[in-house]
Amino acid sequence: MEKIDAMDRAILMHLQTNGKSTFTRIASSLQVSEGTVRMRVKKMLEKKYFQFMIHMDPASVGLEVQVIIWVKTQLGQQDKVAEEISHLPEVRFTAAFSGQYDLIVQAYFRNKEDLIQFVNKKLASINGIITSDLSIELKQYKDSFSYITD
């Protein structure tokens with residue numbers, strides 16, 4: 001994958017600060033034409049360098065319980081298990097990591113009872129899981145999708 005240049009990076013910094021910022025405002029700030037900004041954003045979207053999305057506060061839509069689920073899989077079953085877990089609607093994030101567990105999963109629930117049902121019914125029905133462990137979020141200090149810092 002080719003890397004973005006300084007101008008693309010500057011445009012992305014503006015968008016991650018305010019995703020509703022107009023191309024005109026960004027262009028003015030960067031002292032380039034609106035067409036330049038529009039063309040570069042279009043190119044970056046086509047190359048899937050970023051996407052526009054809505055980042056909600058889970059509690060504001062009734063999801064009061066956030067968990068990280070650490071999953072150990074049977075040898076050779078990691079991809080299959082990850083695929084099945086990723087299709088569950090409660091799951092926001094699934095990834096393979098090195099270390100004691102093969103997968104790390106982030107999921108949201110309305111309450112602890114929904115979490116218990118998820119673990120005992122949905123997670124338990126997936127073949128290839130050896131064990132899982134849960135960490136329930138107690139307090140959040142930062143939740144950001146801003147990756148460009150300078």
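FYI, side chains are in, hydrogens and waters are out, and symmetry mates aren't considered; it's all heavy atoms of this structure.
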Any chain of hydrophobic side-chain contacts (each under 4.5 Å) joining [X] to [Y]?
X: V67; Y: L138; result: no
X: I116; Y: V65; result: no
X: I85; Y: V119; result: yes
X: L15; Y: M13; result: yes
X: I136; Y: I104; result: no

Return the set of residues passing side-chain hydrogen bond (donor to acceptor under 3.5 Å, both in side chains) with E113 (not counting sequence neighbours), or none when no residue passes.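 Result, side-chain hydrogen bond (donor to acceptor under 3.5 Å, both in side chains) vs E113: Q117.
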Restricting to side-chain hydrogen bond (donor to acceptor under 3.5 Å, both in side chains), what partner residues turn up for S28, sequence neighbours left out?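 Partners of S28 by the side-chain hydrogen bond (donor to acceptor under 3.5 Å, both in side chains) criterion come out as none, since no residue qualifies.
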Looking at R110, I want to see if its CZ is surrounded by more than 12 non-hydrogen atoms of other residues, nucleotides or ligands under 6.0 Å.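 Check fails, neighbour count at 12 or below.
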Just checking M53: does its CE atom have more than 12 heavy atoms from other residues, nucleotides or ligands closer to it than 6.0 angstrom?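 Yes - once you tally the heavy atoms of other residues, nucleotides and ligands closer than 6.0 Å, there are more than 12.
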Pair listing, salt bridge (Lys or Arg N to Asp or Glu O under 4.0 Å) test, anchored in [range], at least two apart:
range: residues 64-83; answer: K80-E84
range: residues 11-25; answer: none
range: residues 99-109; answer: none
range: residues 49-61; answer: none

Do any side-chain atoms of residues 94-101 form donor-acceptor pairs under 3.5 angstrom with protein atoms, and if so which ones, sequence neighbours left out?
residue	atom	partner	partner atom	Å
T94	OG1	S86	OG	3.3

All ring pair (Phe, Tyr, Trp, His ring centres under 6.0 Å) counterparts of Y108, not counting sequence neighbours: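 Ring pair (Phe, Tyr, Trp, His ring centres under 6.0 Å) check on Y108 returns nothing, list empty.
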Sequence neighbours excluded, which residues qualify as ring pair (Phe, Tyr, Trp, His ring centres under 6.0 Å) partners of F50?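 Per chain and number, F50 pairs via ring pair (Phe, Tyr, Trp, His ring centres under 6.0 Å) with F52.
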Donor-acceptor pairs under 3.5 Å, side chain of residues 124-135 to any protein atom, not counting sequence neighbours: which ones?
residue	atom	partner	partner atom	Å
S125	OG	K121	O	3.3
S125	OG	K122	O	2.8
S135	OG	W70	NE1	3.1

Which pairs would a plain distance check flag for residues 37-45, meaning a side-chain donor or acceptor within less than 3.5 Å of a matching protein atom at least two apart in sequence or in another chain?
residue	atom	partner	partner atom	Å
R38	NH2	E34	OE2	2.4
R40	NH1	D5	OD1	2.9
R40	NH1	D5	OD2	3.1
R40	NH1	D8	OD1	2.8
R40	NH2	D5	OD2	3.4

Rounded distance (nearest 0.5 Å) linking atom [atom1] of [X] with atom [atom2] of [Y]:
X: I11; Y: T36; atom1: CD1; atom2: OG1; value: 8.0 Å
X: Y49; Y: L12; atom1: OH; atom2: CG; value: 10.5 Å
X: L115; Y: L123; atom1: CG; atom2: CG; value: 9.5 Å

Output every pair passing ring-ring contact (aromatic ring centres under 6.0 Å, His included) with a member in residues 4-23, not counting sequence neighbours, ordered by first then second residue.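 Residue pairs passing ring-ring contact (aromatic ring centres under 6.0 Å, His included), neighbours aside: none found.
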Determine whether Q106 and V91 make a side-chain contact, defined as any pair of heavy atoms from C-beta on separated by less than 4.5 Å.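 No, every pair of side-chain atoms sits at 4.5 Å or beyond.
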